[in-house]
Protein chains: 2
Amino acid sequence: MKKYNNKMLSVPGIISNGIHTGVKKSRNDLGIIYTNKGIAAGVFTQNVVKAAPVVVSEMNIENEVTRAIIINSGNANACTGQLGYQNAVETIKCVADKLAIDPKEVLVSSTGLIGKQLDMDKIIKGINPLIDGLSENSYHKFPESITTTDTYNKTCSCEVKIDGEWITVVGIAKGSGMIHPDMATTLGFLQTDVNISKPVLQSILSNIIVDTFNMISVDGDTSTNDMVIALSSCEAKNALVEENTTEYDHLTEAMLYVTKMLAISVAQDGEGATKLIECTVTNANSDKCARKMAKSVIQSSLVKTAVFGNDANWGRIICSLGYSGVSFDPNVVDLNIKSESGMITLMEEGVGLEFDETKALKILSDEKVIIEVDVKNGEYGATAWGCDLTYDYVTINAEYRT
Amino acid sequence: MKKYNNKMLSVPGIISNGIHTGVKKSRNDLGIIYTNKGIAAGVFTQNVVKAAPVVVSEMNIENEVTRAIIINSGNANACTGQLGYQNAVETIKCVADKLAIDPKEVLVSSTGLIGKQLDMDKIIKGINPLIDGLSENSYHKFPESITTTDTYNKTCSCEVKIDGEWITVVGIAKGSGMIHPDMATTLGFLQTDVNISKPVLQSILSNIIVDTFNMISVDGDTSTNDMVIALSSCEAKNALVEENTTEYDHLTEAMLYVTKMLAISVAQDGEGATKLIECTVTNANSDKCARKMAKSVIQSSLVKTAVFGNDANWGRIICSLGYSGVSFDPNVVDLNIKSESGMITLMEEGVGLEFDETKALKILSDEKVIIEVDVKNGEYGATAWGCDLTYDYVTINAEYRT
């Protein structure tokens, strides 16, 4: 597998574009992904309050063929009542008309402020130039078009050999607030040219979400608009990928790589974040327990502020494990922190150790801080990613609408 | 019932005291409550990681008689291994010796930094003057002795007629971080002179906790040290309070009042808080659902920062209801915000309304902001209390150990 993190390759048979319509101040705010004859898989937010585009796309993705995804940022089209649904449907129809395809083959996705009606004038007016501008070379304009408070675009690509053919997997995602995935998260778009059936693509997507997007949290808030869509042009010459084969495993590995890198990028660029926090739990007695414990640590406001302050206040880590909902024996737990600058054991067999505060400060000052927890209770592990809680998080979110 | 919020009355048959031993910089850090022949009820943290004093007190409260509670602040005696248990037990023994009572009749409670061994020299040395100073008039020194990052002492009292006798109920609690009760929260001590049996006192305490301490959150972190103890001197002349009687209801009402006021004080004085946030959910289809929804709102970092920024970003409120784990129809929900300055409906039947931003700003600028949610799904309601998320929260928690 050839890996290209933070890079967007072109995918055979898929083109995309992004433009600025004026919904956001200056950055691109309307994007499209198009393929001549594609199939799609998707995972959607588990929030009871689902934005109109989520409801509409969950319906449309049931169709055999998906050829286009239209995405706007700056407005979530959530809690917008009947008119919100109408606007989502009208956006789809307008895209289908312009592309001369069936509206059933179009998905729609939105992100931004909740509770305002879409500025349909700007969106409808934007669709023409957006689609006119679609070319083999316009794809680099797409990632920005789905961002909101992101400080950088999130892309990742890889190439992997499937049935003797090199196929491409590309992912684009956005952060960076209201990030606490439950079955899906944020907006994520995976593109590939692998020859695959819809159910097999869905199977891979559903499997990899659990260990990637569902293992990050910025603020504990599960969005109304989360969706991750995988779209394939099916143009590669490989024989159809089947479940329980080596080819399935290789493709899973490639899609897992791309999705994991995107998920980490979203955590790293969490609103106001200065650091990525990674928590790895080992030797838990199930996958589920390991995941719960790792997520509990990276979600704790007290852990997040301590990491921001370069404070090795490990009591907060063990406390957050304790309320994770998992039963374990705290008296056997080991706890390390590490980074590029080294590693320190803070707790052994449930008891705090004396440690070198200067070294701890150095470790915690790095951009990526790893918390390792060994619960000695089984053979399962999990990793979760989050970020520190900073003054800038408060600034960004105290003034979001203004 | 005569109510005295923010005031500590003296309780017949119970005396208390507090002193400064040097564990904390300047404020009192060791406190004691004593009664000649008392009975106690308690609720304790549900965190899997329980501090030594929690484990020891959970055991000791099983005994018929409880006569003293010793509390230190500044050090939680949590994650301190075997030595931590020994120190908790030694503290109890030292108190029992000095008071010439059975160690089984003593409870111990700690709050503060996790993972450091107690400075037993200071504590043991402090116990003598602490107990020597116990008098009818020393009780006003007690509340400060249990505080950590609190900006004020939390006390509430009331008097209620039970079986023709005026009895007194007094409560003292502490905040103001790692506050997210699960069955109990923080440290809370209720004192009364009502003549009551241990199981009936426990029954009342367990009932009122659910709607008071368990309905507040400052940071989502359930502490390792939470406990609420109710202690009665049983000195009042009323006939023993029995369940399913008017007297039971009156006493419940009095204890509920005191506990609720303490819980609100803890939320209001949450670390860095400038405002109390109250969320009331009405017409839910069960008590449990109403509680879950109300708590979900006051826990949301995005709601908390929006309130700090005086921003009526109600989409975050409906979003947090949506991920509360409760199933409901978002298309019928009404949402108001109100305060001393007035009331505004932000959402009706699931759709956002145009509203007067100046009025919203005025409402949100008040010290107590009320969020009202009508889910039109049943006849149950609940109220939860939290606080805004501010720069000072980050400051306090980035630098807690230093």
Side-chain angles (χ1 to χ4, degrees), chain A residues 46-50 76 78-82 113-116 177-178 180 182 219-224 299-302 305-306 308-316 318-324 326-328 330-331 347 349-352 389-391 393-402, chain B residues 46-50 76 78-83 113-116 177-178 180 182 219-224 299-302 305-306 308-311 313-316 318-324 326-328 330-331 347 349-352 389-391 393-402:
Chain A
Q46 297 301 298
N47 195 310
V48 170
V49 181
K50 290 181 205 303
C79 301
T80 43
Q82 193 55 38
L113 188 64
I114 296 176
K116 284 265 177 202
M178 220 177 250
H180 180 74
D182 184 13
D219 47 20
D221 286 87
T222 302
S223 161
T224 50
Q299 275 175 250
S300 159
S301 295
L302 291 171
T305 44
F308 172 57
N310 301 322
D311 180 6
N313 196 333
W314 58 269
R316 295 176 176 179
I318 186 78
C319 177
S320 66
L321 292 164
Y323 63 70
S324 64
V326 173
S327 177
F328 65 98
N331 299 311
M347 187 170 120
E349 302 280 325
V351 183
L389 174 56
T390 69
Y391 299 111
Y393 178 85
V394 178
T395 304
I396 292 166
N397 285 299
E399 299 165 6
Y400 183 70
R401 290 194 317 152
T402 50
Chain B
Q46 295 303 296
N47 195 311
V48 170
V49 181
K50 292 183 204 300
C79 301
T80 42
Q82 193 55 38
L83 185 57
L113 187 64
I114 296 176
K116 284 265 177 201
M178 220 176 251
H180 179 74
D182 183 13
D219 47 21
D221 286 88
T222 301
S223 163
T224 50
Q299 275 176 249
S300 160
S301 294
L302 291 171
T305 43
F308 172 57
N310 301 322
D311 181 5
N313 196 335
W314 58 269
R316 296 176 175 180
I318 186 78
C319 177
S320 67
L321 292 165
Y323 64 70
S324 64
V326 172
S327 177
F328 66 98
N331 299 311
M347 188 170 120
E349 303 280 326
V351 182
L389 174 56
T390 70
Y391 298 111
Y393 178 83
V394 178
T395 305
I396 291 166
N397 285 300
E399 299 165 6
Y400 182 70
R401 289 195 318 151
T402 50

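Naming convention: chains lettered A, B, ... in sequence-line order (proteins, then strands); numbering from 1 in each chain. Every heavy atom of this structure was used, including side-chain atoms; hydrogens, water molecules and symmetry mates were not. Bear in mind the structure is a predicted one, so any value in this text is a computation, not a measurement.
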> B:Gly115, B:Ser320, B:Ser301, B:Gly322: which one forms the most heavy-atom pairs within less than 4.5 Å of chain A?
Replying inline: B:Gly322
> Which heavy-atom pair separates A:Phe328 from B:Val48 by the least distance, and what is that distance?
Replying inline: O-CG1, 3.2 Å
> How long is the gap from OH on B:Tyr323 to OG1 on A:Thr224, to the nearest 0.5 Å?
Replying inline: 11.0 Å
> When heavy-atom pairs shorter than 4.5 Å are enumerated against chain A, which of B:Leu83, B:Asn331, B:Val351, B:Thr80 gives the highest number?
Replying inline: B:Val351
>> Assess the residue pair A:Leu389 and B:Tyr393 against the criterion (side-chain contact (heavy atoms from CB on, under 4.5 Å)); give the C-alpha distance rounded to whole Å, side-chain angles, the decisive distance to 0.1 Å, and a yes or no.
In response: CA-CA 10 Å; A:Leu389 174 56; B:Tyr393 178 83; 4.1 Å; yes
> Which region of B:Thr390, side chain (C-beta onward) or backbone (N, CA, C, O), has a non-hydrogen atom less than 4.5 Å from a non-hydrogen atom of chain A, or is it both or neither?
Replying inline: backbone
>> Working to the nearest 0.5 angstrom, can you tell me the gap between A:Tyr391 OH and B:Thr395 OG1?
In response: 2.5 Å
> Under a 4.5 Å heavy-atom cutoff, which of A:Ala76, A:Ser324, A:Ser327, A:Pro330 has the most pairs with chain B?
Replying inline: A:Pro330
> What residue, out of A:Ala306, A:Gly350, A:Gly81, A:Cys79, has the most heavy-atom pairs lying under 4.5 Å from chain B?
Replying inline: A:Cys79
>> For B:Ile318 versus A:Val49, what's the shortest heavy-atom pair and its separation?
In response: O-CG2, 3.5 Å
> Is a donor on one side and an acceptor on the other found under 3.5 Å between the side chain of B:Asn47 and the backbone of A:Cys319?
Replying inline: yes
>> Set out, in order, the CA-CA distance, both residues' side-chain angles and the distance that settles side-chain contact (heavy atoms from CB on, under 4.5 Å) for A:Asn313 and B:Leu113, then state yes or no.
In response: CA-CA 9 Å; A:Asn313 196 333; B:Leu113 187 64; 4.0 Å; yes
